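All remarks here apply to the structure that follows.
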Amino acid sequence: MPARYNVIMGIDEEDGGNPASRMSDKGPAHSTGAESAPDEVFELGNEADPQRHIGTSRIFRAGSSALAVIAENGMIASAKAGETGLYVGDMRVVSTLSFTINGTAPRVSKARQDDTATEFIFQFEPPVRQVEAEWAYTLRADAIVGCLRLRNDGAAAARIVTDFSFAADHYDTFYVRFPPKPERGVLHPATLDQYGQTIRYESLTGREMFSFIRFSEEPLHVANGLMRFNANLSSQQTWQLIVQAGLDSAKPNADSWQRARTALRNERRIPFAGSAQIKTGNPRLSRWLRQSENDLSALTANLDTGLYPYAGLPWFAVPFGRDALITGLETIELNPAVIQGVLLHQAKYQARETDVFRQATPGKIMHEMRLGETSATGLNPYARYYGSVDTTPLFVVAAGAYWQRTADRSFLTALWPNIDLALHWMSDYGDLDDDGFIEYFADPGKGLSNQAWKDSRDAIVDENGDFATGLIAVSEVQAYAYAAWRAGQAMANALGLNERAAVCAAAANKLYQRFNEVFWQEDMGIYALALDGSKKPCRVRASNMAHLPWSGIVPPDRAQRVINELLGERLFSGWGIRTLAANEKRYNPALYHRGPCWPHEMAIAAWSARWTGDCRSLVRIAETILDTAEAFGYRLPELLCGYPRTEGMQPVRYRSANPLQSWAAGVAFAILQSALGLKVCAGRSEVWLDPSGLPPDWAPIEIHRLRLGASLISFRVEASSHGLVVRVLDMEGSPVTIRRGRFVQP
C-alpha cells in the first residue's frame, strides 16, 4: 500500500513508534457509500488519523506527473479547498484558478465527466437570467486547459463581466498534505503580460520554475490582480474563452481545449490497447469491468520503460512498488503489458548500494519514487525510497508469472541479472538475524515503521493488543519469499542455470518447513500475523492469511482452514475481509489496518481459493465483491469500513479513502480470471480454463483476442444442460489448445 509519512508533521507518538507510518490520509469519520448517514467520529487519542480527508472527487491525471484536483464548485481555490490545484512533478504549480461572473461566484447546477476522465464539465445557474454558462476542463502533461462558454438565449442583449483570479504557491505535495510548511524556496509576486500572468519560484534545488496563465483573448488587468473580460452578447450569441494555466507559456487558441482533450483521450487508450476484450451478458458485471478499465487507464502512465499503474489519486500519483506489482498480477492473463512495464521500471531503479536514509541495500526493489523538492533536497527519503521488504520478493514472483504467461525468453534473459540480484537480496540482506525469515526494523529516520503492506505504525499487533516492536517478520512476506524462490528456480532452469535453480529449490524447501513449524497456530487454526522482536508469534486473526495459500507455502488441509477462517464471521464483514478480526482487542472497523476491508485482498483471497480448489468460496467472494462494487457506483474504493453487512444498508465509506486506487481497480479483472480459472501458458500454447468458480449469472462470458505470442484466440463460456461449456470462437496464428480443469503449477 502507499506509504504514510511523518514528513513536515512533528507529531508526538507513544509506544516508541516512528510517526512516519501514522501519517495516513485515512480519517476516522465515515459516511455511507450510496446513502448519507450521520458522521461518527472516533476519538482515539493518538490513534486518530491526522490527515484530513479529500474533499472532492474531481480528480484526474495526465502524462507522467500531472494531477488536477478541482473543487465541487468547479474552481481551483486552495485557500478554501486546501488540496485543490494543478500538480506537476509533485509540486502545485496552480493553486488558484477561479472566476466571478458579474461580480458573483457562479453556482454549479450540474457537473459531469466522461467515462475516461478526460474532461470535467460544470454548468452554472444563469449569471444573468437569459445567459447559460458552462466551464469545462481537460488536462495536459504541463497545463490544465479550461473552456468557458456563455450563451445568451434571451431576446435582449446582455453584458457579462468575467473576472479571473490566478495563483501558484509552488507547494510541494507534502506541504499540501501535511501543514505547516517549513523550509522552502522563494516565491515572487505575479507579473502581468499581454495575455495573462507569470509567477516565478526559486526552488530549494536552485531551479527556477515559472507558472503561467494565458487566455485566448487579451485580458484587461484590473485591481487585485484580476484579469477581466467584457462580453456583450446579442440574442442567441455565444462567447467562448480558452484558458490555459500551468507550465506552458504559449497563448492558447480556439482549438487548444479540443486538441488537449483528444490527446488525453488517446493517452487513455494506451494501457488496454493490446489487452484481451471481455463481453458478458451480466449488466452489473459489464458495468464493473468497464468502470475498472477506465479507472485503471486513468491511473496508468506510459513511462520510458512502458506502462506503470500509479498507486492512487490524488496523493499517490507516482510509481509505487508493491501496488504496481499487485495490479500487474491482477491483470496479467488478460493484459500482460502492464506487468511488463512495471518490471522494467523497477529493474531500472533497483538498488545497487547501501543507504540507510533511503533504506536501500543491493538488490532491493523500490517502494516509492517522489519528484518534489522536499524529496529532491533530502528533507525526506522519498526521491527513491526502499522501505518495504515485500516488494523485492514480489518482483521475482511477478517476473516468474510474466515468464509463464508470455514465454518471452529474450525478456527473461535481459531481466535475469535483476531477478538474480533480488534473490541475493532475500538471502543476503532480507534475513537480518539468520533465522530463515525476512524481517525489518522500523526506519530510524523519516520513513516507515512497518514495511510490509500494512505499513501504518499500529498495524502489527498481538493478542494482548500490544504493538509489535524490534525485528518483525510478517507472515505474507514469507509467503512471497517462498513463491519467489520457486519462481527463481523455474526461471533459472529455463535459462539452463541448473546450480542456481538448485539453490532456489533448497531455499524454498527450507522456508516451507520453517514457516509451517513456527507460524502455524494449531489451537486457533490460523497462521500468526507476524513474529515480533522476541520471536513471539502475534496470535491474531488478520487478513494477511489471505496471501498465504496462493503462494504455495501452505499445505492443502491448512489452506482450506485458512479460507474458512477468512470467510468466517470474525473476519468477513459481508462486504469484504477485515484487516483485523472483529473479536481482536485492537479491532476498529474505521481505523485503516485494524478492521476496515481492502478490496484488493478479496482478489488475493480469490487467488487462494482457486489454488485450494474451493470453488464454492470463490463464487462467494466473486458475488460479494460485485455487490460491494455496485454499492460504490462500480468504482471500488481504496478501502471501506469493516462494519457487518446489514440487510437494507449500504457499506460504510471510509471517509479518507483515495477515490481511485490501482489495485482496487484491478480487482474486477483478478476476480474474473480466478472465477474462470484462466491461466495462459504461452510456452506450451495452452489456455487453461476451469469455470467452476464462476457465479451462475455471470455467464455467458466471451474473451476476445487473448494473445499467446503471435497467436490470438477468442472463446465463450456459456451455460448448457451439462453445465458450463467452452466454445472457441476464433483463432489466429499457430494453434492454441484449451485445457479444461484446474491449472496446477509445474
Side-chain angles (χ1 to χ4, degrees), residues 56 58-63 66-77 84-86 93-94 96-102 105-128 131-153 158 160-166 195-197 211-220 226-233 236-268:
T56 180
R58 312 295 175 183
I59 303 169
F60 62 142
R61 57 156 300 280
L67 169 74
V69 183
I70 303 162
E72 296 299 328
N73 67 357
M75 306 296 175
I76 293 173
T84 59
L86 170 66
V93 298
V94 176
T96 301
L97 176 57
S98 62
F99 56 87
T100 61
I101 297 177
N102 286 2
R107 294 172 58 89
V108 174
S109 60
K110 184 185 296 185
R112 68 184 189 275
Q113 69 183 73
D114 69 331
D115 290 341
T116 56
T118 57
E119 62 179 328
F120 289 94
I121 299 174
F122 298 87
Q123 293 177 331
F124 299 110
E125 295 177 2
V128 177
V131 175
E132 294 181 352
E134 181 180 272
W135 175 232
Y137 288 103
T138 192
L139 189 62
R140 289 176 18 198
D142 57 359
I144 191 166
V145 185
C147 178
L148 178 63
R149 295 185 184 91
L150 302 177
R151 177 174 173 79
N152 181 3
D153 283 334
I160 304 296
V161 177
T162 306
D163 289 330
F164 276 85
S165 297
F166 171 70
Y195 288 103
Q197 295 181 8
S211 291
F212 307 91
I213 186 168
R214 296 287 184 264
F215 301 91
S216 54
E217 296 182 12
E218 184 175 343
L220 173 67
L226 296 178
M227 292 157 285
R228 176 166 292 176
F229 297 88
N230 296 313
N232 296 303
L233 300 180
Q236 307 305 310
Q237 184 181 0
T238 298
W239 175 72
Q240 176 175 286
L241 179 71
I242 306 299
V243 185
Q244 178 179 287
L247 303 182
D248 187 353
S249 62
K251 172 183 174 289
N253 58 36
D255 297 326
S256 295
W257 189 91
Q258 186 60 49
R259 287 201 307 270
R261 177 182 176 276
T262 299
L264 185 55
R265 178 158 288 189
N266 290 336
E267 180 181 316
R268 292 286 190 264

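As the structure is a computational prediction, the values presented were derived from the model and not from experiment.
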Can you list, pair by pair, the side-chain donor-acceptor contacts under 3.5 Å of residues 141-148, counting residues two or more places apart and other chains?
{"from": "Asp142", "atom 1": "OD1", "to": "Arg140", "atom 2": "NE", "distance (Å)": "3.3"}
{"from": "Asp142", "atom 1": "OD1", "to": "Arg140", "atom 2": "NH2", "distance (Å)": "2.9"}
{"from": "Asp142", "atom 1": "OD2", "to": "Arg140", "atom 2": "NH2", "distance (Å)": "3.4"}

Taking all atoms of both residues into account, what is the closest heavy-atom pair of [X] and [Y], and its distance?
X      : Y      : value
Asn232 : Gln237 : O-OE1, 3.5 Å
Val93  : Ser211 : O-OG, 2.7 Å
Lys251 : Tyr195 : CE-CE2, 3.1 Å
Thr162 : Trp239 : OG1-CZ3, 4.3 Å
Pro127 : Ile101 : CB-CG2, 3.2 Å
Ala133 : Leu150 : CB-CD2, 3.5 Å

Restricting to side chain to side chain donor-acceptor pair (under 3.5 Å), what partner residues turn up for [X], sequence neighbours left out?
X      : result
Glu119 : Arg261
Arg214 : Asp193, Thr198
Ser109 : none
Thr84  : none

Just by distance, do the side chain of [X] and the backbone of [Y] share a donor-acceptor pair under 3.5 Å?
X      : Y      : value
Gln236 : Asp153 : yes
Asn152 : Leu233 : yes
Asn230 : Val161 : no
Gln244 : Ile213 : no
Arg268 : Ala117 : yes
Tyr137 : Ile70  : no

Is there a side-chain contact between [X] and [Y], using heavy atoms and a 4.5 Å cut-off?
X      : Y      : answer
Thr118 : Phe60  : no
Ser165 : Thr96  : yes
Asp163 : Met227 : no
Asp248 : Phe212 : no

Between atom [atom1] of [X] and atom [atom2] of [Y], what is the distance when rounded to the nearest 0.5 Å?
X      : Y      : atom1 : atom2 : result
Thr238 : Glu134 : OG1   : CD    : 10.5 Å
Arg58  : Asn73  : CZ    : CG    : 11.0 Å
Leu86  : Leu67  : CG    : CG    : 8.0 Å
Met75  : Phe164 : CE    : CZ    : 8.0 Å
Leu139 : Leu264 : CG    : CG    : 6.0 Å

- side chain to side chain contact (heavy atoms under 4.5 Å, CB included) involving Ser216 - partner list, sequence neighbours excluded: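 With sequence neighbours excluded, Ser216 shows a side chain to side chain contact (heavy atoms under 4.5 Å, CB included) to Leu241, Ile242, given in chain and number order.
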- Do Phe229 and Phe215 have ring centroids that are under 6.0 Å from one another? yes
- Query: Aromatic ring centroids of Phe99 and Trp135 under 6.0 Å?
  - Reply: yes
- Message: Run Gln240 and Glu217 through side-chain contact (heavy atoms from CB on, under 4.5 Å) and show every step you take.
- Response: CA-CA 10 Å; Gln240 176 175 286; Glu217 296 182 12; over 6 Å; no
- Report, as yes or no, whether the 6.0 Å neighbourhood of atom CZ on Arg259 holds more than 12 heavy atoms from other residues, nucleotides or ligands. yes
- Is Glu132 salt-bridged to Arg151, going by a charged N under 4.0 Å from an acidic O?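 Answer for the salt bridge query: no.
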